[in-house]
Amino acid sequence: MVKITLPDGSVREYPVGTTAMNVAESISQGLARQVLAAKINGELKEAATPLNHDAAVQLLTWQDADGKSAFWHSSAHVLAEAVQALYPHALFTIGPAVEQGFYYDIDFGDSAPGADDLTRIEEKMMEFARQANTFSLYPISKADALDYYRKRNNPYKVELIENLADGEITFCDQGSFTDLCRGGHIPDTGYIKAVKLLNLAGAYWRGNEKNKQLVRIYGVSFPKQSMLKEHLDLLEEAKKRDHRKLGQELGLFAFSQRVGKGLPLWLPKGAALRERLEQFMRTAQRKAGYQPVITPHIGSKALYETSGHWDKYGADSFQPIETPEEGELFMLKPMNCPHHCEIYNAEPRSYRDLPLRLAEFGTVYRYEQSGELHGLTRVRGFTQDDAHIFCRPDQVKDEFVKVIDLVLYVFKSLDFTDFRAQVSLRSKDDRSKYIGSDENWEKAESAIVEAAAERGLKTAVEYGEAAFYGPKLDFMVKDALGRSWQLGTIQVDYNLPERFELEYTGQDNQKHRPVMIHRAPFGSLERFVAVLTEHCGGNFPLWLSPEQVVVLPISDKFLDYAEKVADLLNNSDIRTLVDRRTESIGRKIRDNEMRKLPFMLIVGEKEEAEESISVREHGKGDLGSMSILEFKNRIHDDINRQLNH
Ligand SMILES: [Zn+2]
Ligand SMILES: [Zn+2]
């Protein structure tokens with residue numbers, strides 16, 4: 001018999017050679033029908049894998065990210081099978097599952113398909129899917145594997161196999177297709193009920209521009225036709241909300257090839273929005289005991305040698321800046337932490353000075369390959385709402401609780417209601433790669449777990465996911481379209497205090513090393529504005545809107561009254577403008593709807609006589625007429641509610 005441990009900790013006994021699918025069947029037939037694959041001792045495997053030893057087994061369904069991954073990985077095989085049938089000379093390279101589907105990079109030689117050919121490939125895929133072919137995985141010697149692909153003149157797979165050790169190579173057959181593969185498939189292709197090939201793109205072999213360009217076919221597949229429809233609807237909505245599109249329409253930011261790739265220019269409205277976010281964070285941080293600091297955009301190369309960044313990232317970063325002084329070299333700042341460590345070192349510190357919380361909206365520069373750049377989410381220069389907390393080991397938990405509170409305040413004020421926390425700790429078995437004392441790690445790890453529990457966060461604990469220099473807590477936030485974003489990382493660091501020899505004098509009069517915590521609730525303002533724009537579809541919360549109110553006079557005759565209303569509101573800190581154009585009122589309403597301003601005030605003869613306004617709220621319609629004072633109070637109430645004052 002073998003002992004099978006399930007994720008809830010329960011242990012069941014089965015005959016040797018039982019499969020994960022048998023385990024599922026022993027629980028319920030309903031569950032077995034849902035099972036796509038299994039994790040066996042943490043490795044993604046086929047549900048039909050025989051279990052010959054005691055093992056930890058997790059059954060994977062569509063509800064699990066790994067279940068979807070097995071589904072999409074298997075779909076990539078079917079895509080390749082379809083391409084092989086239609087383009088016999090195509091050479092296959094790699095075809096992994098990705099977050100929302102799968103792709104395959106293929107060398108088509110001279111006969112690459114166009115977008116029009118995707119439907120034909122989809123149809124072929126569905127033909128193979130309906131055959132319900134099983135995926136059979138088998139070991140093959142390195143020599144035979146090389147021989148197989150050399151015969152097919154496929155240099156890509158040959159290169160991949162050359163980098164593998166003999167004895168660890170497996171092939172997978174399904175239907176008429178054979179692939180080099182490590183495994184982790186669904187039971188058979190019949191599980192695939194709907195497929196959509198989304199687009200074609202160029203991709204360099206191994207991501208290197210010097211290599212041959214291949215064709216990447218992106219696709220997505222589902223176990224139900226209705227799921228595909230929902231997914232395509234979501235993609236359509238995502239397109240409408242794409243921050244690159246909205247950013248242009250709303251006049252938030254722009255790029256200039258002359259300024260340089262990946263370097264965003266904030267336009268006046270975008271800058272107003274960003275300034276509001278900064279102000280919001282500054283106020284919250286002041287209340288939480290942070291002290292603002294300012295550091296330069298460059299730092300000497302030696303600074304980054306001390307921090308270790310030069311060794312680790314130097315070759316792939318912007319290269320050092322020379323000065324007329326021989327041997328003097330500066331780096332564009334990739335992170336603010338080293339500068340902040342030197343601020344810590346600027347004065348002797350005692351245990352009474354801690355925690356020291358240094359905050360800076362620090363602009364940093366990181367080189368990204370031009371193919372990786374994407375709107376505001378992947379840029380080469382960005383500003384972090386950065387802060388570093390230097391504290392004693394016994395203060396880590398309190399500081400974590402405070403940072404969690406700050407992050408939750410941000411989420412609430414910006415209407416992110418669906419999130420969970422992920423705590424990354426050391427691996428349970430191998431602890432050799434982590435720096436810092438065991439005692440401090442244990443203290444910090446339990447501090448994070450306790451802090452998260454104290455604040456009632458939905459938390460997943462991941463072992464082995466901690467950085468070598470400390471454990472961390474990330475927030476995974478779901479936006480309005482159900483997409484996950486990682487925001488608000490809180491990272492403990494034992495490395496930089498060591499490298500910068502940070503010290504404080506303890507109560508015992510001895511020197512001690514402080515713990516450093518990195519945290520940035522927004523992450524970067526660029527990426528955050530991108531996520532926020534897509535989350536709210538450009539309808540920013542009232543407090544944040546660069547322009548909150550527009551006054552529309554029914555005709556030029558009421559322009560003076562419109563100006564008077566706008567002045568009164570602007571004087572009360574409500575950002576108001578007047579639509580002075582000589583257009584019909586209907587046209588003015590339509591145009592201003594497009595600009596997504598939260599409120600439109602319509603004024604004509606009746607309003608002027610009564611000193612009132614007619615109010616329309618974006619997305620809600622007509623609110624009727626009210627006095628200016630009533631409107632002012634309403635706006636201030638709305639803002640206070642959003643900011644939880
Ligand atoms: Zn595979
Ligand atoms: Zn940092």
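Start at 1 and go down the list; that is how both ligands and their atoms are numbered. Computed from a prediction, not measured in an experiment: that's the story for all the values here.
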(message) Can a side-chain donor-acceptor contact be found between Thr178 and Asp173 if the only test is distance below 3.5 angstrom?
(response) yes
(request) May I ask you to check if any N/O/S atom from His73 comes under 2.8 Å of the Zn ion (ligand 1)? (result) yes
(message) For a quick check under 3.5 Å, do Asp66 and Ser69 share a side-chain donor-acceptor pair by atom type?
(response) no
(request) With the Zn ion (ligand 2) as the reference point, give the N/O/S atom of His518 that is nearest. (result) ND1
(request) Check whether the side chains of Gln174 and Thr189 place a donor and an acceptor atom closer than 3.5 Å, and report yes or no. (result) no
(message) With a cut-off of 2.8 Å, does His340 put an N/O/S atom close enough to the Zn ion (ligand 2)?
(response) no
(message) Quick check: of its N, O or S atoms, which one does His77 have closest to the Zn ion (ligand 1)?
(response) NE2
(message) Please give me the minimum heavy-atom distance between Ala80 and Phe92, naming the atom from each residue.
(response) O-CZ, 3.3 Å
